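Read the structure below first, then the notes.
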Amino acid sequence: MLDHLRQRVTSAAPGSMQGLYLIVDDIEAARSELIDRGADVGEVFHDEGGVWHHAGTVGRVPGPAPERQSYGSYAPFSDPDGNGWMLQEVTTRLPGRL
């Protein structure tokens, strides 16, 4: 996974991209893989209100979403260039989404 992120696909300066999402079906496995490959990955969290939609760390609750609710678990990380990413666990897509 991390090797794919190292490929140069834009002319943007390294580290200039923030707020990127990487959607995964198992956030714990993805987090472990990224850590094993040298990425700086934060702890998994979920939102106290059920849907994380605000900036910063307000309302973050440690650990995955209750019952591993799809779209509910997150973990921040930076790639080797310093770009800011958020892992998001999606196990079942909402109707109408591919």
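Just so it is clear, the values below take in all heavy atoms, side chains as well, and ignore hydrogens, waters and symmetry mates. Predicted model only: the values in this text are computed from it and were never measured.
Put simply, the side chain of S73 never gets that close to the backbone of P64: no donor and acceptor are under 3.5 Å apart. Of the possible donor and acceptor atoms, none in the side chain of D79 sits under 3.5 Å from a partner among the backbone N and O of A39. Side chain of H46 to backbone of G63: a donor-acceptor contact under 3.5 angstrom is found. Judged purely by atom type and a 3.5 angstrom limit, S16 uses its side chain to pair as donor or acceptor with the backbone of A13.
Scanning all heavy atoms of the two residues, the minimum distance from Y71 to Q88 falls at O-NE2, 3.1 Å. The minimum heavy-atom distance between D47 and V58, with the atom names listed, is OD1-O, 4.4 Å. Of all heavy-atom pairs spanning G42 and A75, the tightest one is O-CB, 3.9 Å.
Once rounded to the nearest 0.5 Å, the distance linking OG1 of T91 with CD1 of I27 reads 11.0 Å. Taken to the nearest 0.5 Å, the CZ atom of F77 stands 5.0 Å off from the CG atom of L22. A distance of 10.5 Å separates CD of E89 from OH of Y74, quoted to the nearest 0.5 Å. We find the OH-CE distance between Y21 and M86 to be 5.5 Å, quoted to the nearest 0.5 Å. If you take CG on D40 and CG on L34, they are separated by 10.5 Å, rounding to the nearest 0.5 Å. The structure places CE of M17 at 11.5 Å from CG of D81, a figure rounded to the nearest 0.5 Å.
V61 and V41 are assigned to two separate hydrophobic clusters, defined by single-linkage of ILVMFWY side chains at heavy-atom distances under 4.5 Å.
With sequence neighbours excluded, the residues forming a salt bridge (charged side-chain N to carboxylate O under 4.0 Å, His left out) with E43 are R31, listed by chain and number. By the salt bridge (charged side-chain N to carboxylate O under 4.0 Å, His left out) test, D26 is found to be paired with R68, residues two or more places apart in sequence or in another chain being considered.
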What do the steps show when you test V44 against E28 for side chain to side chain contact (heavy atoms under 4.5 Å, CB included), and what is the final call? CA-CA 8 Å; V44 173; E28 298 289 356; 4.0 Å; yes

